[in-house]
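Here is the structure we will look at, set down as structure tokens.
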Amino acid sequence: MKFLKSACIEPMYSELPFLERFQAAKDDGFDFVEFWGWTDKDLDAVKAAAEKAGIGISGFNGDAELSLIDPEQKTAYLDFLKQSVAAAKKVGGRSVTIHSNGLGEGGVVINHYDELSHTVKLCAMYDTLLECAKIAEESGIQMNLEPLNITTDHVGNFLQTTRMAAEMTRLIGSPKLKVLYDAYHMQLNEGSICDNIRAYGDQFGHIHVADAPGRHEPGTGEINYANVFACLSECGYIGLVGFELIPKTTTAEAVKAIMKL
């Protein structure tokens, strides 16, 4: 099946002013856009740009520099998450993405929490995710928990595997708390993309696509995205596919590769 496509307009369309990227993505055939942060955006202008272009907003990051695995940050994390949910509702966004660790400039993991045991990190994450699920259910805004690669972009991130993320969301059992499966991150961390889709695809709420290595458009690396998409379809995935990638040359050339899928 053909999945609805979402363009991440932070790394894509970077040659254009931000508010012009909504129309550009629509003109190129995308159904939705997504972006990274919301606190640096004029939300009224974002909503107007999306509505003018006739394109949906699939979501953005909801946790900024705060961490799920730090028990001392639970209150602050949830307070900020509520603000992110309000921002999503304001612009008509469908979801927010959440992470185990706080991320700084360029996605750098701010604190590795080496002083905390694995048990404390895991229990703190589970405890706070229970509250995240309640917020999601009450608001109607989807929460997508994203594991990240620790080899290249997010050294020190705690949540590293599809299995850990999916087992966590299964235990919590909320239809509004799912996994953001980023094939680029998971190829770097664990490989076996199709095996993991078959094992845990029932927990996927959103998909991210970029080729590996390089984080460029499909066809520039080693991931066979035709097979990945076929596997997602076979497993019954019906959500969006977001293209969170850095064009190898130009956005126009990246879009050509994307639209072949």
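When a residue number appears, it is its place in the shown sequence, counting from 1.
Residues Ile55 and Leu16 share a hydrophobic cluster, clusters being chains of Ile/Leu/Val/Met/Phe/Trp/Tyr side chains in contact below 4.5 Å. Both Leu68 and Leu159 are assigned to one and the same hydrophobic cluster, defined by single-linkage of ILVMFWY side chains at heavy-atom distances under 4.5 Å. No continuous path of ILVMFWY side-chain contacts below 4.5 Å connects Ile207 to Ile246, so the two sit in separate hydrophobic clusters. Put simply, Trp38 and Leu180 are part of two different groups of oily side chains (I, L, V, M, F, W, Y) that touch within less than 4.5 Å, one to the next.
The CD atom of Glu65 lies 13.0 Å from the NE2 atom of His99; values are rounded to the nearest 0.5 Å. Between the CD1 atom of Ile141 and the NZ atom of Lys82 there is a distance of 15.0 Å, given to the nearest 0.5 Å. Separating the CD1 atom in Ile172 from the CD atom in Glu131 is a distance of 10.0 Å, to the nearest 0.5 Å. Summarising the geometry, atom CZ belonging to Phe22 is positioned 12.5 Å from atom NZ belonging to Lys52; distances are rounded to the nearest 0.5 Å. Distance check, rounded to the nearest 0.5 Å: CD of Glu34 to OG of Ser6 gives 3.5 Å. The line from CG of Asp70 to CG of Leu116 is 6.5 Å long, rounded to the nearest 0.5 Å.
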Scan the side chains in residues 252-259 for donor-acceptor partners under 3.5 Å anywhere in the protein, sequence neighbours excluded, and list what turns up.
unit_1 : atom_1 : unit_2 : atom_2 : d
Glu253 : OE2    : Lys256 : NZ     : 3.0

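In this structure, Phe18 has its ring center at least 6.0 angstrom away from the ring center of Trp36. Between Phe229 and Phe3, the gap from one ring centroid to the other is short of 6.0 Å. A ring-centre distance under 6.0 Å is found for Phe158 and His118. For His154 and His185, the ring centers are positioned less than 6.0 Å apart.
Residue-environment remark: CD (Glu115) exceeds the threshold of 12 foreign heavy atoms within 6.0 Å. Within a 6.0 Å sphere centred on CZ of Arg170, other residues, nucleotides and ligands contribute more than 12 heavy atoms. By the neighbour-count criterion of 12 heavy atoms within 6.0 Å, atom CG of Leu171 is densely surrounded, having more than that number from other residues, nucleotides or ligands.
What you find for Lys5 and Leu261 is that their closest heavy atoms are NZ-O, 3.2 Å. Between Ser14 and Thr251, the closest heavy-atom pair is N-OG1, 4.4 Å. Pairing each heavy atom of Ala210 with each of Ile223, the nearest pair is O-CD1, 3.8 Å. Residues Ile193 and Ala183 approach most closely at CD1-O, 4.0 Å, considering heavy atoms. Of all the heavy atoms in Gly104 and Ile110, the pair that sits closest is N-CG1, 3.5 Å.
By the 4.5 Å heavy-atom criterion applied to side chains, Asp114 and His112 are counted as neighbours.
Taking the salt bridge (Lys or Arg N to Asp or Glu O under 4.0 Å) definition, one finds that Lys176 meets it with nothing, sequence neighbours left out.
Val108 forms part of no hydrophobic cluster, judged by ILVMFWY side-chain heavy-atom separations under 4.5 Å. When hydrophobic side chains of Ile, Leu, Val, Met, Phe, Trp and Tyr are connected at separations under 4.5 Å, Leu4 ends up clustered with Phe32, Leu240. Here Tyr184 is tied into one hydrophobic group with Leu188, each link being a pair of ILVMFWY side chains closer than 4.5 Å. Val109 belongs to a hydrophobic cluster with Leu103, Leu148, counting contacts under 4.5 Å between side-chain heavy atoms of Ile, Leu, Val, Met, Phe, Trp and Tyr, direct or through other members.
Of the N and O atoms on the side chains of Asp79 and Gln83, not one donor lies less than 3.5 Å from an acceptor on the other residue. For the residue pair Tyr181 and Asn196, no side-chain donor N or O sits within less than 3.5 Å of a side-chain acceptor on the partner.
Using a 4.0 Å cut-off between charged nitrogen and carboxylate oxygen, Glu137 and Lys134 do not count as a salt-bridge pair. Using a cut-off of 4.0 Å between Lys/Arg side-chain N and Asp/Glu carboxylate O, Glu244 and Arg215 are scored as salt-bridged. Electrostatic pairing of Lys248 and Asp211 does not count as a salt bridge here, judged by no charged N lying under 4.0 Å from a carboxylate O. Remark: Asp44 engages Lys90 in a salt bridge, criterion side-chain N to carboxylate O under 4.0 Å.
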message: Between His206 and Ser95, is the side chain to side chain contact (heavy atoms under 4.5 Å, CB included) condition met? List the steps.
response: CA-CA 9 Å; His206 194 62; Ser95 69; 5.7 Å; no
task: Any chance you could lay out the side chain to side chain contact (heavy atoms under 4.5 Å, CB included) test for Leu78 and Thr128, step after step, and finish with the verdict?
output: CA-CA 8 Å; Leu78 294 172; Thr128 304; 3.9 Å; yes
- prompt: Taking it one step at a time, do Ser67 and Gln73 satisfy side chain to side chain donor-acceptor pair (under 3.5 Å)?
  reply: CA-CA 7 Å; Ser67 175; Gln73 288 193 358; 4.9 Å; no
- request: Verify side chain to side chain contact (heavy atoms under 4.5 Å, CB included) between Leu145 and Lys178, making sure each step is shown before the conclusion.
  value: CA-CA 6 Å; Leu145 177 65; Lys178 294 294 183 180; over 6 Å; no
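The side chain to side chain contact (heavy atoms under 4.5 Å, CB included) test with Asn189 is passed by exactly one of Thr151, Thr161, Thr162: Thr151.
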